[in-house]
Amino acid sequence: EMKHTVRVIGCVLLVLFVQCSLGGKFFHISDIHLDLFSQPDIYGPPTWCQPGSWNPFNGTLYPGPYTFGRLGCDTYYPLLVSVLKAMTVIEPNPDFILITGDWAGHDQPTFKTALVAITNVTQTIIQHFPKTLVIPTLGNNDVWPDYNMSMCNDFQLSRIGSLWSSTNWLNPTQLSDFLDNGAYAVHIHPKKLHMIVINTLYYSNEDSFYNHTEPDPCGQFAWISAQLNKICSQPGHKIYLSGHIAPSTQFWNTTYLSEFLNIISPFTSTCIAGAFFGHTHLDQFFVYNTSGLSGLLAPSVTTLQNNPAIRLNHFDDNTKVVMDYDQWYLPLLAANINSNTAWQKEYSFQAEYGPYSEGITAASLRSLMSRLWTNDTLYEIYKRNEFIQYQDLKWAELCTSTTTTIKDYWKCRSIN
């Protein structure tokens, strides 16, 4: 029943503005950061609740139980299972699932432990979605040390590629491309839709292992250009771009950012129908005037600074533009206290920020950006959504001011 509800909601919101078609749908989740070493009763950086970390709050900031993990810690395995179970209820038959990197927890001690985490996530996804197309992306915490993509044909690409090819997530052609530089392309049959998966680690300004004087690291720019020209020459075919780290001056080496935008700009208005990234853990978007590129950043599953989230995108079958998305979240504090993973609908893009009859495009995101500059009420809504309704300090202060016992305080926190 929930599946039909989601589809109807996405359709009804736009019925006055566009002709409603069946369309397609896909999940976008990001930054899972499964940490099999996590002990949620230990809190705080730099080891993110792993044994041996210093606990500055001595357990008083957020007492247990920690059944589904802890705000401030990486993903606890029961939370991962809860995410995937919720996805099977929200939409058991998506066209595909996009995962934009960082499968492993922060600060893994070795690549072997990171690979164990990636393997666990992979196997758990297959258990819940055995027949669904899954499109995986490499993140900076999936290699070791963090951001270390120091060479082409890296042995880490070989190990991860072997894993994902054994699950049939990568076919032989895709595996060959992935082993070269971590990038590959997917034709999403029977739709005229392609996903170009980019290894953004080469372009990160955090990658101190790679020589940033190389004009085209591992030939990925040339490969992207060739893919764009090949796919866009086919009538009616459209492209989604995906990667872990969104192209921006904040995160990318500026020379590489300029080159990337130069490559994709001829295709942004005609062939590229969307771009999807992660990395920041937050619900964000970007739109660039000169290149015409815009993109959506999915919030994280991990709970370092926000509640965990799931996003279901609805796209038009003809244009492939994402017309709307529904976002779901788990209020982690309440879930732990009540021992109940009651995932809640957080919002839909069109209902919250629209209506935009053209869907979620560069033009609509540019319009939304202008409104955020001038509308303080809308901006506050956006900020709550950005952190997935996590307002810990606000509710801690208000509950402290209205309760007189520890029991009543945590009862107050569990419902706010």
Side-chain angles (χ1 to χ4, degrees), residues 2-29 87 90-100 132-135 185-197 227-228 231-242 264 266-277 283 285-288 291-298 310-328 345 347-369:
M2 188 176 293
K3 176 182 74 171
H4 298 297
T5 301
V6 170
R7 289 296 290 274
V8 170
I9 287 174
C11 205
V12 168
L13 285 172
L14 300 177
V15 72
L16 297 177
F17 308 98
V18 296
Q19 183 179 0
C20 206
S21 62
L22 289 177
K25 57 211 178 291
F26 68 94
F27 282 112
H28 179 191
I29 61 174
M87 289 167 63
I90 295 168
E91 177 49 74
N93 297 301
D95 289 290
F96 60 92
I97 299 172
L98 173 64
I99 305 174
T100 48
T132 301
L133 171 64
V134 177
I135 303 177
V186 182
H187 184 190
I188 301 165
H189 296 284
K191 303 176 185 296
K192 295 180 179 180
L193 176 61
H194 303 254
M195 182 79 72
I196 294 181
V197 178
Q227 292 294 321
L228 288 168
I231 295 169
C232 295
S233 66
Q234 303 174 62
H237 285 244
K238 299 293 183 180
I239 289 172
Y240 289 159
L241 301 176
S242 69
I264 60 98
F267 304 94
T268 53
S269 62
T270 57
C271 187
I272 296 174
F276 307 91
F277 298 90
D283 179 351
F285 67 91
F286 66 87
V287 57
Y288 300 138
S291 66
L293 181 66
S294 63
L296 299 173
L297 279 65
I310 299 166
R311 179 176 292 176
L312 182 68
N313 293 288
H314 304 269
F315 64 91
D316 183 89
D317 253 343
N318 296 319
T319 66
K320 308 302 186 275
V321 169
V322 172
M323 302 303 295
D324 199 9
Y325 64 70
D326 302 305
Q327 193 151 288
W328 303 73
K345 175 77 171 291
Y347 76 98
S348 296
F349 180 90
Q350 291 283 359
E352 196 83 294
Y353 302 124
Y356 290 108
S357 61
E358 70 273 28
I360 306 175
T361 64
S364 59
L365 291 177
R366 196 172 292 115
S367 169
L368 174 57
M369 182 69 77

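Since we're looking at a predicted model, the values are computed, not measured.
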Problem - Close side-chain approach of Phe285 to Leu368, heavy-atom, < 4.5 Å - result: yes

Problem - Min side-chain heavy-atom separation Leu241-Ile272 under 4.5 Å - result: yes

Problem - CD1-NZ distance between Ile90 and Lys25, expressed to the nearest 0.5 angstrom - result: 13.5 Å

Check residues 186-194 and write down every donor-acceptor pair under 3.5 Å in which the side-chain atom is one partner and the other belongs to a residue at least two apart or another chain.
from   : atom 1 : to     : atom 2 : distance (Å)
His187 : ND1    : His189 : NE2    : 3.4
His187 : NE2    : Lys191 : O      : 3.1
Lys191 : NZ     : Asp317 : OD1    : 2.7
His194 : NE2    : His237 : ND1    : 2.8

Handout entry: Non-hydrogen side-chain atoms of Val321 and Lys238 separated by less than 4.5 Å
Key = no

Completion exercise
Between Gly24 and Asp95 the two heavy atoms that sit nearest each other are CA-OD2, 3.2 Å

Exercise for the section: Mind checking the CD1-CG spacing from Ile29 to Leu312? Nearest 0.5 Å is all I need. Expected result: 12.0 Å

Problem - Heavy-atom pair of closest approach, residues His28 and Thr100 - result: NE2-OG1, 2.9 Å

Handout entry: Main-chain N/O of Ala351 paired to Ser348 side chain as donor or acceptor, under 3.5 Å
Key = no

Handout entry: Pairwise side-chain contact, Cys271 with Leu228, heavy-atom cut-off 4.5 Å (strictly under)
Key = no

Practice task
Please confirm whether the backbone N or O of Met323 pairs with a side-chain atom of Tyr356, one donor and one acceptor, at under 3.5 Å?
Solution key: no

Exercise for the section: State whether the side chain of Gln327 and the backbone N or O of Lys345 hold a donor-acceptor pair below 3.5 Å, judged by distance alone. Expected result: no

Completion exercise
One should read off an interatomic distance between Asn313 CG and Phe276 CZ, to the nearest 0.5 angstrom, of 5.5 Å

Practice task
Look up atom CG in Leu98 and atom CD1 in Ile135, then write down how far apart they are to the nearest 0.5 Å.
Solution key: 6.0 Å

Problem - Donor-acceptor under 3.5 Å (Ser364 side chain, Thr361 main chain) - result: yes

Completion exercise
In short, Leu293 meets Ala275 closest at the heavy-atom pair CD1-CB, 4.2 Å

Problem - Intermediate values then yes/no, side-chain contact (heavy atoms from CB on, under 4.5 Å), Glu358 and Thr319 - result: CA-CA 10 Å; Glu358 70 273 28; Thr319 66; over 6 Å; no

Handout entry: Atom pair CH2 (Trp328) and CD (Glu91), whose distance is rounded to the nearest 0.5 Å
Key = 11.0 Å

Exercise for the section: With the side chain counted from C-beta on, respond yes when Val134 and Phe96 share a heavy-atom pair under 4.5 Å apart, and no when they do not. Expected result: no

Problem - Any donor-acceptor N/O pair, Thr268 side chain to Ser291 backbone, under 3.5 Å - result: yes

Fill in the blank from the handout: Distance col, row Lys320:NZ vs Ile239:CD1, nearest 0.5 angstrom, shows 12.5 Å

Practice task
Could you tell me which residues satisfy ring-ring contact (aromatic ring centres under 6.0 Å, His included) with Tyr325, sequence neighbours excluded, listed by chain and number?
Solution key: Tyr347, Phe349

Fill in the blank from the handout: Between Leu365 and Gly295, the two heavy atoms sitting closest are CD1-O, 4.2 Å

Handout entry: Parallel, tilted or perpendicular: ring planes of Tyr240 versus Phe26, cut at 30 and 60 degrees
Key = tilted

Problem - Check: Gln350 main-chain N/O paired with Asp324 side-chain donor or acceptor under 3.5 Å - result: yes

